[in-house]
Amino acid sequence: MNSELITHRDPKSPISEVFKTLRTNLQFMKHKGDSTTLLVTSTMPGEGKTWVTSNLGIAFAQSDKKVVIIDSDMRKGRLHNVFDTKIFPGLSNYLAEDKKSIKDYLIKTEMENLWIIPAGNVPPNPSELLSTERMLQGLEELKRSFDVILFDSTPCMLVTDAVIISRIVDATMIVSSHKLTKMENLKTVQKNIENVGGKIAGVIINRIPVSLKKYKSKYYYYGERSNTDEANEANNSSRIHQEEVTYVEENDETTLENGSEKPRKSKKQQEQEDIMNQIDQYLDDNK
C-alpha cells in the first residue's frame, strides 16, 4: 500500500484525525442532499496537493460518502501512482471523445466508497478541453452518482487549468508549503480564481518543520473561518513521503533574558511565528 495514503493505512492516527476534522468543516459548505465539488490546487509543484486530495478523499469515503477523485492535471498527473492504477484511459480521453459516458472511465480503488478518474493520455490542449461543454456535462453526470467530487489539479502559477475548473466547483483549497510558497504567488492565485468567480475555501499550510512532540499549524476556512489545528498533522505527515523534510527536536533549555523567567524564542520558533502571522494578516485582509 502506498505510504502516502495514511488515512487508509492508519485510520486512527493523529494525521488521519486531522483530515477527518477538515472533512467535517468542508461538509458545512453544502446543504444535505447536494453533492460537494472541491478543487485542490497549489501555487507551484511540490507543495503537496495530490497528497492532500488523496487523503481527504479517503476521509470522506470513510464517512460513508460516495467519493470520486478526478486527476485534472492532464500534463503531469500522478494520482494513478498514489492509488497504483493505470493512467489511461482517463479524463483527457473522455473530453476528447463524444460517445462514452464519464462513468466509463471510473476506476474503483481498494477503499470502500472511493473511485478515481486518472488523467489519461497527455493531450495537446488540456486547457481547451477543460473549457468545453463536455466537462460540464461530465460533472453533472457525476453529481447524480457521487456525494463528493474532488479535483486534483495543476499548480495555478504555471498554467490556467485550475483556474478554469475553479469556476465550476463549489470551492477551491490552496495547498501551500513552508519555505516554498511565496506570499505574492498566493495572492496572485487567489486573485486569479476570484476574478473568474471562483470561491476560496481555505489555505492549507504544509510541511512546516516541527518537533514530533508539538505541532503548530492552522487550517483556514472561509466564511466561518476557524483557527484550529486540523492541518497540523498534515504538515507533520509530509515526512512520510517528502524526503527533504527533516524533524528537529525543540531545545528544552530556556534562555532567560535580563533575569526574566520568560524564555527567549529560538530562531526557528520566531521564524515559524513570523510566517504564521504573515499568512494571518493576508487572510484577514482578504476575508
Side-chain angles (χ1 to χ4, degrees), residues 2-9 15-16 18-27 29 35-63 65-85 87 90-91 106-107 109 111 113-120 130 139 142 146-156 161-166 168-177 181 189 193 198 200-207 219 221 230-231 233-235 237-238 240-242:
N2 193 306
S3 61
E4 294 183 61
L5 302 179
I6 184 65
T7 48
H8 178 63
R9 186 170 58 85
I15 299 172
S16 299
V18 168
F19 279 102
K20 292 176 184 178
T21 305
L22 177 58
R23 174 195 68 196
T24 301
N25 286 343
L26 292 170
Q27 285 176 330
M29 293 177 52
S35 295
T36 299
T37 56
L38 295 168
L39 168 69
V40 181
T41 186
S42 61
T43 64
M44 298 295 288
E47 294 174 317
K49 61 180 179 57
T50 299
W51 178 75
V52 169
T53 310
S54 302
N55 283 282
L56 181 59
I58 295 173
F60 272 113
Q62 289 171 342
S63 65
K65 301 290 186 182
K66 290 189 65 177
V67 182
V68 57
I69 305 175
I70 303 172
D71 192 343
S72 54
D73 186 350
M74 295 180 285
R75 305 166 192 265
K76 292 184 178 181
R78 72 178 198 90
L79 193 67
H80 63 288
N81 288 331
V82 175
F83 287 95
D84 194 23
T85 67
I87 188 174
L91 180 62
L106 290 168
I107 297 177
T109 70
M111 297 80 170
N113 298 321
L114 183 63
W115 286 257
I116 72 166
I117 296 178
L130 291 170
L139 182 57
L142 291 174
F146 291 92
D147 302 307
V148 180
I149 302 169
L150 299 176
F151 285 87
D152 177 27
S153 192
T154 57
C156 278
D161 299 17
V163 176
I164 293 171
I165 298 174
S166 71
I168 62 174
V169 296
D170 297 324
T172 297
M173 290 185 295
I174 306 173
V175 177
S176 62
S177 181
T181 303
V189 169
I193 290 175
I200 307 293
V203 177
I204 297 175
I205 309 169
N206 191 31
R207 293 170 56 189
Y219 166 71
Y221 182 68
E230 52 261 46
E233 298 290 354
N235 300 328
S237 66
S238 296
I240 296 174
H241 67 288
Q242 299 285 355

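The model shown is predicted, which means the values in this text are computed figures rather than measured ones.
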Among residues at least two apart in sequence or on other chains, which ones pass side-chain hydrogen bond (donor to acceptor under 3.5 Å, both in side chains) with Thr41?
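By the side-chain hydrogen bond (donor to acceptor under 3.5 Å, both in side chains) rule, Thr41 matches no residue at all.
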Using side-chain hydrogen bond (donor to acceptor under 3.5 Å, both in side chains) as the criterion, list what pairs up with Ser42, not counting sequence neighbours.
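Glu47.
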So which heavy atom on [X] is nearest to which on [Y], and how close?
X: Leu26; Y: Ala201; result: CD2-CB, 4.4 Å
X: Leu106; Y: Ile117; result: CD2-CG1, 3.6 Å
X: Leu114; Y: Ala61; result: CB-CB, 4.1 Å
X: Ala119; Y: Met74; result: O-CG, 3.7 Å
X: Ala59; Y: Thr7; result: N-OG1, 4.5 Å
X: Phe83; Y: Ser54; result: CE1-OG, 3.6 Å

Can you confirm whether Thr53 sits close enough to Phe151 that some side-chain heavy atom of one is under 4.5 Å from a side-chain heavy atom of the other?
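A side-chain contact under 4.5 Å is absent here.
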Are any of the side-chain heavy atoms of Pro45 and Lys76 separated by less than 4.5 Å?
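Not in contact.
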Evaluate side-chain contact (heavy atoms from CB on, under 4.5 Å) for Leu79 paired with Thr50, printing each intermediate quantity in order.
CA-CA 7 Å; Leu79 193 67; Thr50 299; 4.2 Å; yes
From [X] [atom1] over to [Y] [atom2], what is the distance, rounded to the nearest 0.5 angstrom?
X: Asp147; Y: Lys65; atom1: CG; atom2: NZ; value: 5.5 Å
X: Leu150; Y: Ile69; atom1: CG; atom2: CD1; value: 5.5 Å
X: Lys20; Y: Ile15; atom1: NZ; atom2: CD1; value: 12.5 Å
X: Lys49; Y: Thr154; atom1: NZ; atom2: OG1; value: 7.0 Å
X: Leu56; Y: Trp51; atom1: CG; atom2: CH2; value: 10.5 Å
X: Ile107; Y: Ile116; atom1: CD1; atom2: CD1; value: 5.0 Å

Please confirm whether the backbone N or O of [Y] pairs with a side-chain atom of [X], one donor and one acceptor, at under 3.5 Å?
X: Thr37; Y: Asp170; answer: yes
X: Asn55; Y: Glu4; answer: yes
X: Ser153; Y: Ser72; answer: no

Salt bridge (Lys or Arg N to Asp or Glu O under 4.0 Å) with Asp71: which residues, sequence neighbours excluded?
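Result, salt bridge (Lys or Arg N to Asp or Glu O under 4.0 Å) vs Asp71: none returned.
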For a side chain to side chain contact (heavy atoms under 4.5 Å, CB included) with Val67, tell me which candidate from Val148, Ile58, Thr36 qualifies.
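Only one of Val148, Ile58, Thr36 forms a side chain to side chain contact (heavy atoms under 4.5 Å, CB included) with Val67, namely Val148.
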Given Cys156, which of Val163, Thr43, Asp161 fulfils the side chain to side chain contact (heavy atoms under 4.5 Å, CB included) condition?
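Looking at Val163, Thr43, Asp161, the match for Cys156 under the side chain to side chain contact (heavy atoms under 4.5 Å, CB included) is Val163.
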Residue pair Ser177 / Asn206, side-chain donor-acceptor N/O under 3.5 Å:
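No pair is found: no donor N or O on one side chain lies under 3.5 Å from an acceptor on the other.
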Can Ser63 and Gln27 be said to form a side-chain contact (heavy atoms from CB on, under 4.5 Å), step by step?
CA-CA 11 Å; Ser63 65; Gln27 285 176 330; 3.9 Å; yes
Counting only heavy atoms not in Asp84 (residues, nucleotides, ligands), do more than 12 fall under 6.0 Å from its CG?
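No, the 6.0 Å shell around CG holds no more than 12 heavy atoms from other groups.
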